[in-house]
Number of protein chains: 2
Amino acid sequence: MGTLSLPPQATQVGLAVDVAAFAMHAGELRVLLVQRGELPHARDWALPGGFVQVGEALHEAALRELRTETTVELEPRHLEQFYTFGELGRDPRGRIVSVAHLAVLPHGTVHVTGGGHTLGAAWFPAHRPPALAFDHAQILDRAIKRLQVRLEYANLALEFLPDTFTLPELQGVHEAILDRPLDKRNFRKRLLAQGVLVPSGERRSGVGRPAQLYRRTKGTRTAAL
Amino acid sequence: MGTLSLPPQATQVGLAVDVAAFAMHAGELRVLLVQRGELPHARDWALPGGFVQVGEALHEAALRELRTETTVELEPRHLEQFYTFGELGRDPRGRIVSVAHLAVLPHGTVHVTGGGHTLGAAWFPAHRPPALAFDHAQILDRAIKRLQVRLEYANLALEFLPDTFTLPELQGVHEAILDRPLDKRNFRKRLLAQGVLVPSGERRSGVGRPAQLYRRTKGTRTAAL
DNA sequence: AGGGAGAGTGTCCCCATGACACAAACTCTA
DNA sequence: TAGAGTTTGTGTCATGGGGACACTCTCCCT
């Protein structure tokens, strides 16, 4: 039914998406940023993002921007819209409304190269980011809060890890996201009580005592909401 | 700095707001709906909403639609954006993305008259709405869930009541929103423990034993988030 | 004066969470 | 190969919040 048309006031506002994409690296929560190659805010760091195209769903636009601006290696394990920023004056080019997304990239996706119109892309400490273009500092802030909520609600921490992992690794993800240390015994008690983890039987050897490997029980994948 | 201009692909998508406005009436949670006067979905019931205008913040657009389409008596006590709906095909007129808002109207705002392009406006049981236009049934669903979450997080129930109210009235609001009965003693215990209520000293007489009147302690207004 | 209607009140149990210290298993090096 | 170093793994107690549960109190109405 494309016979009806949009009223004239329907096309006056620019619609964009921005993506706060997170991954773990060196025991730290990192966020993926791009260095802008164009005005405004040329050479400033910003969240990857851009305008939504016709015939493109919001999450598709988010994925496309992530791919063309950063050349990430793997698919995001989680992608979720979390807030729409529409303040007047947030973009000097005019009225632009941005639907902000939160993405989680799995372990191993830490190498990025700039692409698209950007000068480059890199990972930064999510809790101590550099100065950001536009209102992206606010967006990042809100993204981290959402990530923290999702930690205890869904078990989004698992998306940061490979299929099989140890409990200390999982605890490390939680600590990196919450930006505070957790008690080992309480953490294990709580996580194992949830019943989403099952020991794989194997162990991982390293420097100290080998750690039990776990995997998620089937049918416990986070609904991408 | 309006010297920079939008890239061409920035204006291809229509941006709208929709508002799920709730109030209490006869002990029931009700949602404000309008009967559409135009195609598509003419004569169907829908959430009040429409296109965002240039120079208009998202929440301003939501307020404007509420006022022009429904002529509500009072200002909303709470207005919050909760999700942005952008599925392809959600509107037969083309690509329209809608930022959905949740509004709470205070006690006494139950009389509405249709305005704007609509045939009328009326309150409906929020948990048993009529068939709705577009994807508004989904939007309403999500709005109710958000309202329920805000009940225990912020104390949004107070926004449905006048400045002074009784505990049974407050419990009624909670029950209407959650759509299930609550235990009287546990409810009082929990609410009073939060420390946001203070007895006003007066009582309200009615059919049975008079009820203590309460008001919120100062400085406990919900941040409109 | 008695009945009806709604308001008000306290205890117990259970579960989830947080604080807290030591033993076990492996690697590495001397 | 023995000992030091390093990391994993484990249990108890105290506390607090939430849910189940029944009877009295106060007023109005007839």
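Note that the structure is predicted; figures quoted are calculated from it, not measured.
Taking CZ of B/F82 as the reference point, atom CG of B/L147 lies at 10.0 Å (rounded to 0.5 Å). Separating the CZ atom in B/F22 from the NE2 atom in B/H78 is a distance of 11.0 Å, to the nearest 0.5 Å. Summarising the geometry, atom CD belonging to B/E56 is positioned 12.5 Å from atom CZ belonging to B/F51; distances are rounded to the nearest 0.5 Å.
Read 5' to 3', the first and last nucleotides of DNA chain D with an atom closer than 4.0 Å to a heavy atom of chain A are D/dG5 to D/dT12. Taking the 5' to 3' direction, DNA chain C first and last meets chain A under 4.0 angstrom from a heavy atom at C/dT17 to C/dT27.
Where B/R185 and A/L167 meet DNA chain D, the nucleotide closest to each residue was compared, and A/L167 sits on the side nearer the 5' end. Both B/K184 and A/L213 lie near DNA chain D, and the one whose nearest nucleotide falls closer to the 5' end is A/L213. Nearer the 5' end of DNA chain C, as judged by each residue's closest nucleotide, is the contact made by B/P168, out of B/P168 and A/D183.
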Side-chain donor-acceptor pairs under 3.5 Å in residues 166-177 of chain B, sequence neighbours left out?
residue	atom	partner	partner atom	Å
B/T166	OG1	B/E169	N	3.2
B/E169	OE1	B/T166	N	2.9
B/E169	OE1	B/R204	NH1	3.3
B/E169	OE2	B/R204	NH1	2.3
B/Q171	NE2	B/E175	OE2	3.2
B/Q171	NE2	B/L182	O	3.0
B/E175	OE2	B/L182	N	2.8

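Smallest separation of non-hydrogen atoms from A/A121 and A/E69: CB-O, 4.2 Å.
A ring pair (Phe, Tyr, Trp, His ring centres under 6.0 Å) with B/W45 is found for exactly one of B/F134, B/W123, B/F124, namely B/F124.
Residues B/L102 and B/Y83 fail the side-chain proximity criterion, which asks for heavy atoms closer than 4.5 Å.
Between the side chain of B/H127 and the main chain of B/P125, no donor-acceptor pair closer than 3.5 Å is present.
Contacts of A/R188 with the nucleic acid, taken as non-hydrogen atoms under 4.0 Å apart, include base atoms.
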